[in-house]
Amino acid sequence: MNNYLEDLNKDQRKAVLQLEGPSMVIAGAGSGKTRVLTYKIIHLLNNGINPQHILALTFTNKASKEMKERVERIVGGGKSKSLWMGTFHSVFSRILRSESEKIHFPYNFTIYDSSDSKSLLKSIIKELNLDKEIYKLGVIQNRISSLKNNFITPEGYKNHAELINTDLKAKRSEFGRIYFMYQQRCFRSGAMDFDDILIYTYKLLTESPETLFKYQTLFKYTLVDEYQDTNNIQYLIIKKLVAINENICVVGDDAQSIYSFRGANIQNILNFKVDYPNYKLYKLEQNYRSTQNIVKAANSIIKHNEKQIEKDVWTNNIDGEKIIVCETSSDNDEGRLVSNTIFDLQKNYNYKDFAILYRTNAQSRSLEESLRKLNIPYKIYGGLSFYQRKEIKDIISYFRLSINTNDDEALKRNINYPSRGIGTTTIQKLIIAANEKKVPIWQILNTLEENPIKINSGTKIKLENYINLIKTFISETKDKNAYESSEYIIKKSGIYTHLKSDNTPEGISRFENIQELLSGIRDFTDNNANVSLSEFMKDISLLTDADNEKEEDYNKVTLMTIHASKGLEFPYVFVVGMEEGLFPSMMSVNSQSELEEERRLFYVAITRAEKRLFLSYAKIRFKWGQYIDSDSSRFISEINENYIINKDFNKKKYKELNYNKIRKKPKLKFQQDNNPINNINLNLTEGQIVKHKIFGTGKILQLDGFGDNQKATVIFENIGQKKLLLKFAKLQIVK
DNA sequence: TCTTCATAGTTTTTT
DNA sequence: ACTATGAAGA
């Protein structure tokens, strides 16, 4: 504990020791950026600073969780719990909740995730009778988000001739109206989208000087991680918050700025010296993570960018092996190459030492398939987070509505799920009435008598039943703890029986997810028996896949997008799909600045590797239902060739010797029982006789899908034909 | 009103 | 290949 400063090198220590005043740490990849941040917090605490006076903003929940744990390990005493540490969104939503009345929101405001926003936009576009070919959902959503990130409100838009002109040219004359309605509807529903959290924070700090002063004096020390990926509003918020004491330390690396599509602005790094002319600059240039070959290759790549801060990243580590670049004939071959290599190497290492990184989520499919064939356990980040799955969102919508009855999106989602005979016509009538009166749908439901809505008596009874159901949920969430009330809601809403009666493979899987949700809530209440459901719900929309890591996933190969890999490191890294049009992405090759961002993304990818790096590309890739020819990425030819070796996977050596041999006799020692992928029996064929625990003996008629989704249609002796998801069915082969 | 079947569009990255 | 949507039938 006393010697913690000795864990740091000279530059790191200098950065940590400066507690007062503005400072910026420009940290090359693998140079101990997180370590500096963590130790700076520790040093502050050691100098008697109260943890409540420290604001530390991170890029992901995971990063903040890990940093808290490291602080706790060294400082102890539960101090890390009192730190204001988290992502921008989580810290500011916490502040917004406690100041909610000042911005005229309920304390329990809902956070709309992007699918909620989409659904709201969709209904607005429909209500306005607009052509959805012209008003494309995704485009509208992105445009609204980028306006918000530039702090342009619907009112601001109205006065912005240039923006209006752009929309007129794109024949979207009604865009301003959509934006206005969207914002109004969110407000009426007591809901904020991701961007609103930042907007309202800024608004709060601007419009209420005493609130601003309160937080300016509360946060005596402010630290910001991944500063290169902050956007305009984040920049403005920080600037306001630190204006009194100017004890601000930002840490970042311009070479790793990869989120400009989301409004991140590298200029924030360059502006720092303008805003705080007396700032101190620290550069961390020694890389501790990677071999010489990897560090030098990364430097040779990033040199191709024009826009960058002078920096010379170096390492004392060994030269290591050269980077392997491999051409494969197809995406499936690429999958095989990677799986084979991992299969060979893991004899000496653990599965968790390997990561496979790709540009787009869609690329995971062929990789998963080949990993599964070799029984290599893997975990996959990205795509849908647990809380985004349909069945989970369905349940959560009841939770949301019970906590905030103004939440129209939640109401629309569950008013007829499970089906209770309230059809689209009725719902449409309710929505129209709500819009006419400018109130949430729930209020219309509660005043049916006073409203001239034409509904027949049968429907009315159904609606009344629904209202009463929700009312019991409301009182339940008030009186009981999170676990008790959530269990009550799941049962009484009818979802429990509805899913339980669904014996299709998908239905079984959904049912299991519900139970996982319940057990998650139970864990939550185990720590605090009196905690309410609304506490549990607070941050759910802000959670991502990475925040849901399970114990049994510890020792598995990691698959993720390069974006998701930021801040992580692995001994062995495979960057796949190094093809023109894929990486760099087709969308970015026409603009210099976007191409440079792709290059930074590649820089991030290769600097994740500690020991060895493998790059691969496929000559033919299956895309949009057809095969596409592609060339190797320009980024490969930009690497200084001293650090790479070209290999050709098409050579017989790889293909015959490794893959086929392994395929013929899969090794059994890697099969663990708790690993779902092993419940898939690789040797099933059509026509086989199998045995099921409950259904008895039967014959396989048909096999569909792959891996987790592999299904068998089986005709059982006693109960007839069933479709089973092999992941759960655990069939035994009789013959 | 609900279910089923056919068709169209989709893939860049995400708090 | 996979999901979301819409039309047609029950």
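Proteins come first, then strands; the chains are lettered A, B, ... in the order of their sequence lines, and each starts at number 1. Note that this is a predicted model, so its numbers are computed, not measured.
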Checklist entry - Once you round it to whole Å, what is the distance between P of B/dT12 and CZ of A/Arg621? => result 14 Å
Next on the checklist: Please determine whether a side-chain nitrogen or oxygen atom of A/Arg365 lies at a distance below 4.0 Å from atom OP1 or OP2 of B/dT11.
Outcome noted: no
Next on the checklist: Tell me if the centroids of the rings in A/His304 and A/Phe635 come within less than 6.0 Å of each other.
Outcome noted: no
Item to check | Spacing of A/Leu595 atom CG relative to B/dT13 atom C1', expressed in whole Å | outcome: 15 Å
Next on the checklist: Counting only heavy atoms from other residues, nucleotides and ligands, does the tally under 6.0 Å from NZ of A/Lys379 exceed 12?
Outcome noted: yes
Item to check | Interatomic distance where CD1 belongs to A/Ile144 and C1' belongs to B/dT14 [whole Å] | outcome: 17 Å
Checklist entry - Within the pair A/Asn361 and B/dT14, is there a side-chain N or O less than 4.0 Å away from OP1 or OP2? => result yes
Next on the checklist: So A/Ser114, base contact, sugar-phosphate only, or nothing? Heavy-atom distance under 4.0 Å.
Outcome noted: nothing
Next on the checklist: For A/Ala564 and A/Ile422, find the nucleotide of DNA chain B closest to each by heavy atoms; which residue's nucleotide sits nearer the 5' end?
Outcome noted: A/Ile422
Item to check | Heavy-atom pair with the smallest gap, counting every atom of A/Ile606 and A/Ala298 | outcome: CD1-CA, 3.6 Å
Next on the checklist: Measure CZ/A/Phe59 against P/B/dT14 and give the value in whole Å, please.
Outcome noted: 10 Å
Checklist entry - Looking at B/dT13, B/dT10, B/dT1, which one has an atom nearest to any side-chain atom of A/Thr425? => result B/dT1
Checklist entry - Picking from B/dT12, C/dT5, B/dT15, which would you name as closest to the side chain of A/His89? => result B/dT15
Checklist entry - Just how far, in rounded Å, is P of C/dC2 from CD of A/Glu368? => result 11 Å
Checklist outcome for this item: Between CD1 of A/Ile628 and C1' of B/dT10 the distance, given in whole Å, is 13 Å
Next on the checklist: Taking B/dT13 as the reference, what is the distance to C/dA4 when you measure between their P atoms (whole Å, please)?
Outcome noted: 16 Å
Item to check | Whole angstrom value for the distance that separates C1' of B/dT1 from NZ of A/Lys462 | outcome: 8 Å
Item to check | Per A/Phe261 side chain, nearest of listed nucleotides B/dT15, B/dT13, B/dT12 | outcome: B/dT13
Next on the checklist: Classify A/Thr459 by what it touches in the nucleic acid, base, sugar-phosphate, or nothing, heavy-atom distance under 4.0 Å.
Outcome noted: nothing
Item to check | Touch class at under 4.0 angstrom, heavy-atom based, for A/Asp195 against every strand present | outcome: nothing
Item to check | Exercise: identify the closest heavy-atom pair between A/Gly567 and A/Arg608 | outcome: N-NH1, 3.3 Å
Checklist entry - Is the distance from OP1 or OP2 of B/dT15 to the nearest side-chain N or O of A/Ser93 less than 4.0 Å? => result no
Checklist entry - Under 4.0 Å between a side-chain N/O of A/Asn416 and OP1 or OP2 of B/dC2, yes or no? => result yes
Next on the checklist: By nearest atom, which of the nucleotides B/dT13, B/dT15, C/dA4 is closest to the A/Phe194 side chain?
Outcome noted: B/dT15
Checklist entry - Of all the choices, B/dT14, B/dT12, B/dT10, which nucleotide is nearest to the side chain of A/Lys136 once you look at every atom? => result B/dT10
Item to check | Closest to side chain of A/Thr561, choosing from C/dA4, B/dT12, B/dT13 | outcome: B/dT13
Checklist entry - When we call it a touch if two heavy atoms are under 4.0 Å apart, what does A/Phe88 touch: a base, just sugar-phosphate, or nothing? => result nothing
Next on the checklist: Main chain of A/Gly86, side chain of A/Ser90: is a donor-acceptor contact present, judged purely on distance under 3.5 Å?
Outcome noted: no
Next on the checklist: Nearest whole Å is fine: how far is B/dT12 C1' from A/Tyr358 OH?
Outcome noted: 13 Å
Next on the checklist: Ring-plane angle category for A/Phe151 and A/Tyr202, please: parallel below 30°, perpendicular beyond 60°, tilted otherwise.
Outcome noted: perpendicular
